[in-house]
Amino acid sequence: MKICAIILSAGKSKRFKSSIPKFMHNLSGLPIVDYNINLLKKIKKITKFEIISNKENLNYFQDKGYSPFKQNPVDGTGGAVRQFYKKNNKYDYYLVMLSDTPVFDYKVISDFLNKSVKTNSDISVLSQNISNPKGYGRLILNNKKLVRIIEENDCDNIQKKINLVNTGIFMISKRAISNINLIKKNPNKKEYYITDLIDICNNKNLNLMTIVNSGIPIQGINSVKELNDLEILSQNYIKNKIMESGVRIYQPETVYIENDVSIEKGVVIEPNVVIRRGVKIKKDTIVKSFSYLEDCRIGKNCSIGPFARVRPSSDLQDQIKIGNFVEIKKSKLSTGVKINHLSYIGDTVVGKNSNIGAGTITCNYDGRNKLSCLIGDNCFIGSNSSIIAPVKIGSSAYVAAGSVITKNISKGYFAISRPKQKNIKNKIK
Ligand code: UD1
Ligand code: CA
């Protein structure tokens, strides 16, 4: 059984009103088109997978390592499939997905595919019941049998009330797709609609069916507003999965978590936290309110925030404590480090159990280059110290508050670098 999957991604995104096509916009940290690409890669039964692109966006896909099929002219969803089929006609089934209608759960599609093949269906349409069907193609059933799909613009007032809609996902057999040339241009839009294949195949008595999605809704997006609505859905999907695995999220509706994060059970996330792609958090850590984490690793039993920022390529080991207004960038904090208030630590390695006082800044940029610092184990860095990179501070060193450190400090040494205090009698009355 040879199954070819295609993602239609050649549309002009006119209704999206953006300088870039809608499928490139991020949805919970991933370009929208990546959802269906990643999903199809998981389905082993698919023999070939191709993206359909217009000529303007070919580079985008090529840069990601794909060889898209060029749709030219861009003449509708039916046009896309028709042009593709003309050059690729040796498959038993064609699974059609849309780049602007991401599916979160790959099982929905693998079940749909299996059921279509098992029942020998010629066209299966993945549909769903929704309360506001505006914008979607409506399924017309006759005695519970699918006979046609009518697009929003072509619906009369009664048809507009139909709640059973087309998600845009089709499985089409070899027999059914061979009729693709019979699709005529829609008189209003002057485009070929793939949905018109249903009517054509129904008239030829082919075996049509619809499978109704009863899981997480599948939403297409045509406008920025619809993207925002979809973001809520995708956020709920991500956070529900994380909470089901044993992570406590207080007021989850205020927390934003992107795809590709790993958060172990026992972690607590307080309200208004942002966790972006690539973050890994080990068990029993607490992330307090208003913290912002990106592509970093945080060990177990840590306390992060409130108001902490951990930037990419940072590695925080276990039992770390970073408090309010602490920013960590591309640094390693070894087990037991404490940085409780108002600090910037960048391009630095901090050894075990060191304590970094309030207001400590690593000055890692000289205007041209990024330079790094090394702070050993068990160090004490007094408040409001500036550590000017590159510098090495040996283990168990002690830096007096308010120091500006420009030279290396040997193991166990005490360093102080601050003007002497003068007490002068105040003559002003
Ligand atoms: C489409 C369906 C509609 C369905 C909805 C689900 C048609 C005619 N309508 O409507 O029944 O309910 O999706 O979201 O199929 N595309 C191409 N080449 C083209 C035109 C479009 O590849 O020439 C791609 C677009 O990039 C997009 C997808 O096909 O990813 C759907 O196109 P769009 O114009 O958004 O269709 P809808 O009006 O949303
Ligand atoms: Ca759409």
Side-chain angles (χ1 to χ4, degrees), residues 5-18 20-25 27 31-37 50-58 60-61 68-85 94-103 123 125-130 132-140 146 148-155 159-160 162-170 172 180 183-200 210 212-213 217-227 229-230 233:
I6 53 177
I7 300 180
L8 309 193
S9 196
K12 296 176 190 134
S13 300
K14 271 193 197 148
R15 289 167 283 181
F16 205 76
K17 299 190 175 74
S18 161
I20 56 167
K22 55 188 167 181
F23 66 81
M24 290 184 195
H25 283 258
L27 177 73
I32 295 164
V33 64
D34 282 16
Y35 284 83
N36 291 343
I37 293 179
E50 210 146 298
I51 298 162
I52 315 282
S53 168
N54 59 26
K55 59 177 185 303
E56 290 80 8
N57 297 320
L58 286 173
Y60 173 85
F61 291 113
F69 177 87
K70 184 169 75 179
Q71 184 188 352
N72 191 17
V74 175
D75 51 2
T77 51
V81 178
R82 192 168 115 137
Q83 292 178 33
F84 179 81
Y85 175 68
Y94 294 79
L95 170 64
V96 179
M97 295 187 78
L98 311 178
S99 70
D100 71 348
T101 310
V103 178
I123 305 183
V125 177
L126 189 61
S127 62
Q128 66 190 351
N129 274 298
I130 52 173
N132 178 11
K134 197 163 182 278
Y136 291 94
R138 312 297 203 279
L139 267 67
I140 311 290
L146 173 65
R148 229 179 127 190
I149 296 180
I150 309 185
E151 291 304 306
E152 168 89 21
N153 284 341
D154 303 321
C155 282
Q159 289 162 338
K160 274 190 182 149
I162 296 173
N163 295 98
L164 189 64
V165 301
N166 171 27
T167 62
I169 298 159
F170 288 71
I172 310 175
I180 193 103
I183 298 178
K184 295 200 172 62
K185 275 192 176 168
N186 178 280
N188 294 326
K189 287 286 279 286
K190 310 273 184 292
E191 282 185 354
Y192 298 102
Y193 288 175
I194 187 63
T195 42
D196 285 349
L197 192 60
I198 307 291
D199 187 36
I200 293 166
T210 180
V212 184
N213 171 41
I218 296 170
Q219 277 176 214
I221 47 150
N222 295 323
S223 66
V224 175
K225 162 77 175 74
E226 285 168 0
L227 173 59
D229 294 342
L230 188 61
L233 203 70

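Atom set for the values below is all heavy atoms of this structure, side chains included, hydrogens, waters and symmetry mates excluded. Whatever order the structure lists ligands and atoms in, that order sets their numbers, starting from 1.
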Measuring from [X]:[atom1] to [Y]:[atom2], what's the distance to the nearest 0.5 Å?
| X | Y | atom1 | atom2 | result |
| --- | --- | --- | --- | --- |
| Thr210 | Leu139 | OG1 | CG | 5.0 Å |
| Ile150 | Ile198 | CD1 | CD1 | 12.0 Å |
| Tyr85 | Ile172 | OH | CD1 | 10.5 Å |
| Leu126 | Phe170 | CG | CZ | 10.0 Å |
| Lys70 | Glu56 | NZ | CD | 9.5 Å |
| Asn57 | Met24 | CG | CE | 4.0 Å |

- What protein heavy atom is closest to atom 4 (C) of ligand 1, reported as residue, atom name and distance in Å?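 The closest heavy atom on the protein side is Asn166 O, 3.3 Å.
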- Of all the non-hydrogen atoms in the protein, which one sits nearest to atom 32 (O) of ligand 1, and at what distance?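 Ranked first by proximity to atom 32 (O) of ligand 1 is Thr77 CG2, 4.0 Å.
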- Three-point angle Asn222:OD1, the Ca ion (ligand 2), Asp100:OD2, rounded to the nearest 10°: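 The OD1/OD2 angle about the Ca ion (ligand 2) sits at 100°.
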- Can you find a non-hydrogen atom of Val165 under 4.0 Å from ligand 1?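 It does not; every heavy atom stays at 4.0 Å or beyond.
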- Sub-4.0 Å heavy-atom contact, Gly79 with ligand 1: no
Which atom names give the shortest non-hydrogen contact between [X] and [Y], and what distance separates them?
| X | Y | result |
| --- | --- | --- |
| Ile51 | Ser9 | CG2-CB, 4.1 Å |
| Ala80 | Leu8 | CB-CD2, 4.0 Å |
| Ser99 | Ile32 | O-CG2, 3.3 Å |

Counting each atom of ligand 1 from 1 as listed, which ones have a heavy atom of [X] under 4.0 Å away?
| X | answer |
| --- | --- |
| Ile194 | 15 (O) |
| Asp75 | 23 (O) |
| Thr195 | 8 (C), 11 (O) |
| Gln71 | 17 (C), 18 (N), 19 (C), 22 (O), 23 (O) |
| Ser99 | 30 (O) |
| Thr101 | 14 (O) |
| Val74 | 19 (C), 23 (O) |
| Gly76 | 18 (N), 19 (C), 20 (C), 23 (O) |

- Are any of the side-chain heavy atoms of Pro102 and Leu230 separated by less than 4.5 Å?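 Yes, their side chains come closer than 4.5 Å.
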Tell me whether [X] has any N or O atom under 3.5 angstrom from an N or O of ligand 1.
| X | result |
| --- | --- |
| Leu98 | no |
| Ile52 | no |
| Arg15 | yes |
| Tyr136 | no |
| Gly220 | no |
| Gly11 | yes |
| Gly137 | yes |

With a 4.0 Å heavy-atom cut-off (strictly under), which part of [X] contacts ligand 1: side chain, backbone, both or neither?
| X | answer |
| --- | --- |
| Lys22 | side chain |
| Lys12 | neither |
| Ala10 | both |
| Thr167 | backbone |
| Glu191 | neither |

- Residue that, paired with Tyr193, satisfies side-chain contact (heavy atoms from CB on, under 4.5 Å) out of Asp154, Asp199, Ile149: Asp154
- Item | Residues, nucleotides or ligands: over 12 heavy atoms within 6.0 Å of Lys184 NZ |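 It does not: Lys184 NZ has 12 such atoms or fewer within range.
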- Message: Among Asn72, Asn222, Asp100, Ile51, which one puts a heavy atom closest to atom 27 (C) of ligand 1?
- Response: Asp100
- Nearest-option assignment for atom 9 (N) of ligand 1, heavy atoms, candidates Glu151, Lys14, Glu226: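 Comparing heavy atoms across Glu151, Lys14, Glu226, the nearest one to atom 9 (N) of ligand 1 lies in Glu151.
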- Is it true that the side chains of Gln83 and Asp75 contain a donor and an acceptor less than 3.5 Å apart? yes
- Message: Under the criterion side-chain contact (heavy atoms from CB on, under 4.5 Å), I'd like the reasoning laid out for Ile200 against Ile180: C-alpha separation, chi angles, the key distance, then a yes or no.
- Response: CA-CA 9 Å; Ile200 293 166; Ile180 193 103; over 6 Å; no
- Message: Using a distance threshold of 3.0 Å, state whether an N, O or S atom of Thr101 lies below it from the Ca ion (ligand 2).
- Response: no
- Query: After noting the C-alpha distance and the side-chain angles of Thr195 and Thr77, does the key distance pass the side-chain contact (heavy atoms from CB on, under 4.5 Å) rule?
  - Reply: CA-CA 8 Å; Thr195 42; Thr77 51; 5.5 Å; no
- Under 30°, 30 to 60°, or over 60°: which ring-plane class applies to Phe23 and Phe61, parallel, tilted or perpendicular? parallel
